[in-house]
Amino acid sequence: MKEFALYTGCTTPVRLPAYEASVKIVLEKLGIRLTLMKDANCCGAQYVESLSHTAFCAMSGRVIALAESMNLDVLAICGACSGSLKTVKHDLDNNPKLCAEVNELLAEEGLKYTGTSEVKHLLQIFREDIGYEAIKSAIVKPYSGLRLAAHYGCHVTRPPEIVKVDDAENPTIIDRIIELAGATAVDYTGKTRCCGGPMLAMDADVATRIGLDKIKNIREEDVDGIITACEFCDIQLTQVQFDDLAEQGVSKIPVIPLPQFLGPALGINFDKLGIYLNKIDPKTILQKV
Amino acid sequence: MAQASSCWGCFQSLIDIHMNLATVLPALEIKFWVCVVDYKLADLEGYPDKSIAVGLFEGVVRTEEDLHLLKTMRAKCQTLISFGSCSCFGGIPGLANFSDIEECLDVKFRENKTVSGGEVPSENVPAILPVIKPNHDYVDFDIFLPGCPPTSKLILTAVTALLKGEPIELEPHTVCHYCDREKKDTPVEKILRPFDGNADPDRCLLEQGYICVGSATWGLCEGLCVNMGSTCRGCYGPPPPIMQDQGANAMSMLGTYAPLPPEEIKEQVKDPLGLFNRFTYATSHLGSIRIKREEAKKK
Amino acid sequence: MTKNEVKEKPAVSHTPSSDFAKEVEQEYGGEGIMKCIQCGMCTASCMVASMTDRYRPRQLIQKILLGKREEVLTSDLPWLCMTCRLCEERCQEDVNLSEIFHAVREIAAREGHIPKVFQSTVDQVLEDGWLLKDAYSDFIEEDREDLGLDTDLNWNDEFVKKVKKRYLSGGNKK
Amino acid sequence: MSDTKEEPRIGVFVCHCGHNIAGVVDVVSVAEMARDLPNVVFSTDEMFMCSDAGQVLIKEKVKEHNLNRVVVASCSPRMHEPTFRRVVEEVDVNRYLFDQVNLREHVSWCHTREPVKATEKAKDLVRMSVARAAKLENLPIKTVNVLPKTMVVGGGIAGLRSSLDIAERGFDVVLVEKDTQLGGNVAKWTHLFPSDESGAQVIGPLIAAVRKHKRIKIHLNSKVSDFDGYIGNFEVTIKNLSSEKETKVNIGTVIVSTGFEAFKPVGYYSYTKSPNIITLAELQEMPPAQMLIRPSDGKPVKKMVFIGCVGSREPGKIGHEHCSRHCCSATAKAAADLRDDVDESLVLYQDIRTYGKGHEEFHRLARQKHVIYSKFPTDAHPNVEVAADGDIRIRWFDVLAGSELEFHPDLVVLASAMIPPDDMAETAKMFSLTRSGDGFFNPEHIKLAPLTTHTAGVMIAGAAQAAKNASEAVIDASGAAAKAVGLMAQGEVEIESTVSHVISDLCSSCHTCVTACPYGAIIMDEEQTPPVAFVQEAKCKGCGTCAAACPSSAIVMYHSTDEQILTMVEAYLCTTPEPEGGGSA
Amino acid sequence: MSENKPNSALVIGGGVAGITAALDIASQGFKVYLVERNPSIGGVMAQIDKTFPTLDCSACILTPKLSEVSRHKNIEILTYSEVGSVTGSAGDFHVRVKRKARYVNEDVCTGCGDCAEECPVEVANEFDLNIGFRKAIYVPFPQATPNVYTVDKENCIDCGRCVKACQRNAIDLDMKDTTLEFHVGAIIIATGFQLYDITDYPRLGYGHYANVIHAMEFERLINAAGPTHGHLIRLGDGKTPKSIGFIQCVGARDVQKGVPYCSRVCCMYSIKNAVMALEHNTDGEVWVYYADIRAFGKGFEEFYEMAKKRFGVKFIRGRVAEVMEGKKTGNLVIRVEDTETAEVRLIEHDLIVISPGVVPPIGMDTMAKKMGIEQSDDGYIQAEHTFFGPTETKTPGVFVCGCAEGPKDIPDSVSAGSAAAMKATIVLSQGGT
Amino acid sequence: MTTEPTETTNENEEWEPRIVAYCCNWCSYAGADLAGTSRIQYPTNARILRVNCTGRLSPEFILAALDMGADGVLVSGCHPGDCHYTSGNLKARARWAMMETAIEQAGVDPRRVRLQWASASEAQLFADGVREITEQVKELGPIRSEWK
């Protein structure tokens, strides 16, 4: 049984605990053991990252060093965290000076970054550590007649040469899993575009419109739901549908984190997956089995 | 021998055979020659068709009467000769086509500078035709003997051959063939008017810049003018095949000799039609267009 | 002078300089700036640009290349990049725009040009060790409990303080 | 000339050229119309006459219907006349009994939106061609020997390369250079942007090899003063410009590689108003030095600017409409190389055309080395002013940043156009070459015959044909050499039989034709009395000026007789109205 | 045999460069083996509809060359053949050529087409970029040289109907590949290029959206002898496209895709195609999206101006980020920044034509390695020196011309073909010394 | 040459001038080819006759065409100084000067004939020339109308 250090990031535990819960239960069902990282810190994405690259490296570096101290690879379920940890790992691995600098700081608490722990995003676990075959054989209640749009999230897949999660231009993991679960994966315009979330701080209006544009493109394909792999994206794509700018008089499209979608197909009950917490109720569609 | 509108010069030239007339005349039986023998038109009309061996037709058809005479001659003669450049090409009278018939009548009668209150005569005169068409547009000729006038020598040659029943052998060469002047094959540098300077007596006049249309003119005259020091004005019309446009040929020739800027040429050649088609306007392309225009006007 | 040369214009014109581009190039992440050939692929790819006229990543790069240092650093333009990297993925000259803009932000930050929201968020994170301490309410704690999740989130706030002290006290230093 | 005056039996073949003709012209009705024309015994339409199928069709029908004249109504004869002439020859029809109607370039392509009128025009043209065909006559096919010697005009990089290749291949070369030394523009350049070599490094070995080669005879400081004769047998007079000594040489082929001149952009960007505003060519000619120095005072250049497209790409300005091709890459390389010497370097451009192999890398290198590229608007070029104190101020609008910019450089380098040398017109006239809008020579065909010209036996190479860089000129040069050698190796070549002929019986010795002929091809045959004109056929190039000039109609221009021309006019203008068809059979 | 230095040359590749080289060598009296792997010579130029900048019809100007080659007594055309191995050195190379079984006797076949009429198998025609169809026994295009049929054994069902149909008994379905061996003194590589595989750019929708096509497909669509008989239509729904967008620099000038160099021809062929589109549909509109317009050859800039001024082709300086398909219309919307105004634009077109860049052809690596010819970083044949040997390879006696050395337009390929021929004949005339 | 010209146009159709265009092979014929390949559109009225050089043209060819009923005649050649045969066009030009005067003398509007220079690359110029003479002649009406 494979084991990972689960790094939830700042947002998931607070804003989307159901995602965290569904990750744990689904991965467990598929034979992955997770150990929650304790005493972690924010990865530093976007904000610290913008002000000081070194500070950013120190922060993400410490998270990885923590995992190293646990002798585990890191599982990041947040796109931003996954992106940060992977980029920083890449930087530290390729820049001894930077690495030394970070380690100097880490040494104060007995940590050391050595580069031995991998950082993986949830999607990688599905593809590489569990595998499509295993997922397929674990499906007990396949969906039917469900049309779903996959949203991968920018930092999950880009920059591809560093994150190495999926083909950045033509990602497939979520789509594959949607199909494995018996639903139909629907392509749509602007699939690899951003949800707009990172823009919220600087210009909420623009951020919302970016998110709504995505919703519009997805809606054109007449889908039942959106499957995500990052809580930021999930929240953003949900929130924008409640915005004043959103198209009125149409039903909202449920936004569902991938494990929450996969859970029922594996026979996990809705409550354990926290589906009742979802802001746009996906129950009706998830019952299409 | 018949005569339409003309200056009678051709028959004069015939008479100029002088003593040779003595050998020729006895062999002839003159059936019609208004100025020489007292036959009337009615006599001519009275002959059976094709009863006359040879007919010479001088002058151009200007009036209804001329036309009738021409047609009658054609009907009565076995061989009809177009005699002189007027008959062959319209000649000098053909230049009347520069103006339409009303303009001609104005000049001749109505606004004649020597007559006041002149009017176009209408009684006892044959009706005038609106335009001068080449005679051969009315009837076919068997032989063309151009010249203004044809030289006596040429006439004698022709008459002698006719009497012998032989074909008339005419050299096809142009005037240049007979010209004794020297050619240096240099292009014309400046076109000169006849009054400009003095020409080198031994050198080609054209090369010196004087417009000589000898090269575009049938040399039946055997270089009469050019060897006398004068430029050729083209009175024999184009060489065989003689229904070429003499003016067009001359312009083409001169343009080749004198590839000068167009302004210069226009300045020096003010009257190309008069220069190059002096005797052949009626049979030239431009003349033909003019004729068609006048005819259309009539309709 | 050809006839269609520009007319006399009173507008203050800028004198191009490569200094700023060199400065950005020296900064971490800014190395690729000189590769840009201004094809516009980034702007066309950029969702922010498609939603607002203010932001044109290509033009921002050109301004840097022309050495419009003050204009760039004092504006919020470098901060408008979502770092979604869609442009980078497509850039045919392999320009890493988001990293370049991070580099520019770092320079701006050192000189005190930080958008408020960035400053306050950073302050928060470097105080609490994580982003949402204030938002972690009892309701959420209950939800977590219901889902069988840990309610003690266990974030470390010591390290970030060290980081702040070392790298980001008083604006930041390199 | 025609020994056989048999009854014309004409076959008419109307080509669809796919959609090209048939899309506009009703080719079927054209073919039907032709069927009823006098002397036409067969008429059809076909998808592609030039294809194998089309060619086979002609041959089959010639045999089947015993045709002795063929009219193909298709594209421009300038394109396919040789093809069809060959086809008819294969079935024993003399090539001069073929006539082609241009229904594509002259009808369908230029009357796209008027199908009815275009079809009318097509019918007229076919009728005219059929009338002409009936009057066409057999002409003999003539071959001439090709002297195994080439004259190369111009001793620049292209001329040197051509000379050397031909000599190495075993043929003699006469190399004529008007300058006192070999090497052309390249030799003058201390920097040969966009390469790493200096001009001397590139041209030196070539010059040495050319000088050493025993098959190459070099005439320096010389010009061709007279050029006579015809393919394979040219008679050339080479005149030494200082001694005025003339040398006559007989040669078989010619390569014109007279190169280009760097445009001196007087009137552009204050050129000539400051010694510090120079052209790219002048930059390339600057003596090698430790530092790039300012021409005005020898001080090191700190700030420099390159401006692109100077005297190039100016729509509507004759001779300056073309792109000069080499400058973008050369500028990129120059800017990159010199960037180390200066504090700031700018390139002001419209489009960056670093198309060549490795050239994009120069462009990238220049940028990498902090050369600032700034695009100015096509309709508002930079303004360059020189102040009284010599300060140069450039102002322009950067399209891509949307900002007004200003710069005070020490040195301005104008990437000026490649234009033809000032004696280009003279050279064109000498070798009967035509020139295109860019002022350079027209090749025989811009796509497939870029090295040969319409003057048989005369090739062009390098920048004589169009703006080119040195490497491209070298390739051209070898290619042109191949064309020359091809002719010489065969030893003989077919020539056109379309020459003038004097009917001596009709000649009146007026000498008009002698004066008319630009080639001195007509002389007086002194054997006859009086002497009559006589055409030396080998010298005759077939312009027909003499035929037009001869007032005695004594000159026949074969294949372009008065009758053949006028019959076409007549067929156009004097048609009897077509009898209306009485319904379908 | 190798005592006497061979008086012949090998030209590999029967495109316009190879054809020119072959003719120029043959005209000097040397024998030429012209090896082409396709059933006909003609290369890419045969597929093109019109050529820039004169809009000459490509087939029209090429056909005379093809027939000249086929008629030339000194040229032996070996189509449907590949060079197996080359040994020896300048002046005396020993060449093995694999002649693929064509299943039709070249000497007997007259190209009458009776066989194809009978053939019951229809497959996509690769000459028409698989837009049209051909039979399993086929000639690739009407002007094919040699004009003989070839059986495509992969698709042939061995029904034998063609064999019966052929009155000249030219078809032999049991034919085997053969090997031909000969000596040559010089070799010219003229293997040409292929287009970049643009499915590598999913954002542009090629292969995904029916109305996104590439330039060569466009050439076939507007070609009178092409699958639509020259009618420019959308393959998605047969509609006539009113608005067409041309996207430049795809698979060219793209560092990330490993094609950092300029392909030299795309700007011009797109301008030409833009003009042709308007020629086919005069009330349509055409947009070209570019980064730099590289109209550098003779008459090119003038042509570009003409396209702008007279035909009203709209040029936008900006690379296209993505192509999106309208759901019901099948129309396509492109996202681009007009960099001259900094405006982000969404422009709707009925048809998108992508201009793929030029890359070395499949098999170039293998061939070069087999022959020991040095390649440049980008995979083309490395020329010996820009000035001293632009058509020479690093191997003496082996020359290169046309796009085998790097992207080139037709006149540049033709010049290089002649130049390579010159160099080769020098070797031949000197016996390799 | 005396063949009667015939009307090809029906009375009620719009009258279209008939124009004979002599083009030299090297410049204007090629220019006309280029006009075609460049898809430059111009009136259909001119029928191009290819001659090697404008020097080949005697005024005869132009005048005969008019005589046969051409409403206009266009002669197009290489620019003076650019003749493929050195100077044929200069001779044509000199002939033209005389012919033009003669035409006027004969009462034919000289605007029916046009001499122009268009090189092989001046397709537009060529097309413009055709357009110009066509329009000019249209204005003048059929050559026959000159005598109506």
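FYI, side chains are in, hydrogens and waters are out, and symmetry mates aren't considered; it's all heavy atoms of this structure. A note on names: the letters A, B, ... follow the listed sequences, proteins ahead of strands, and every chain is numbered from 1.
Your options are D/Lys375, D/Arg364, D/His408, D/Arg367, and the one with the most heavy-atom pairs under 4.5 Å with chain C is D/Arg367. When each of C/Lys22, C/Lys63, C/Lys68, C/Lys35 is checked for heavy-atom pairs under 4.5 Å with chain D, C/Lys22 comes out on top.
Distance alone, capped at 3.5 Å, places no donor-acceptor pair between the C/Glu111 side chain and the C/Ala109 backbone.
In this structure, chain D has heavy atoms under 4.5 Å from both the backbone and the side chain of C/Ile37. Looking at D/Leu405, both its backbone and its side chain come within 4.5 Å of chain C, counting heavy atoms on both sides. Contacts of D/Gln368 with chain C are made by both backbone and side-chain atoms, with heavy-atom separations under 4.5 Å. For D/Leu400, the parts lying under 4.5 angstrom from a heavy atom of chain C are both the backbone and the side chain. For C/Arg58, the part sitting under 4.5 Å from any heavy atom of chain D is the side chain, from C-beta outward, and nothing else.
The side-chain heavy atoms of D/Glu406 and D/Arg393, taken from C-beta on, include a pair separated by under 4.5 Å.
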What's the verdict on salt bridge (Lys or Arg N to Asp or Glu O under 4.0 Å) for C/Glu127 and C/Lys133, showing C-alpha distance, side-chain angles and the deciding distance?
-> CA-CA 10 Å; C/Glu127 183 60 34; C/Lys133 188 179 178 189; over 6 Å; no

Yes or no on side-chain hydrogen bond (donor to acceptor under 3.5 Å, both in side chains) for C/Ser98 and C/Glu88, after CA distance, side-chain angles and deciding distance?
-> CA-CA 8 Å; C/Ser98 64; C/Glu88 286 183 20; 2.5 Å; yes

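Rounding to the nearest 0.5 Å gives a distance of 8.0 Å between OG1 of C/Thr43 and CD of C/Gln38.
The distance between the ring centers of D/His320 and D/Phe263 falls below 6.0 angstrom.
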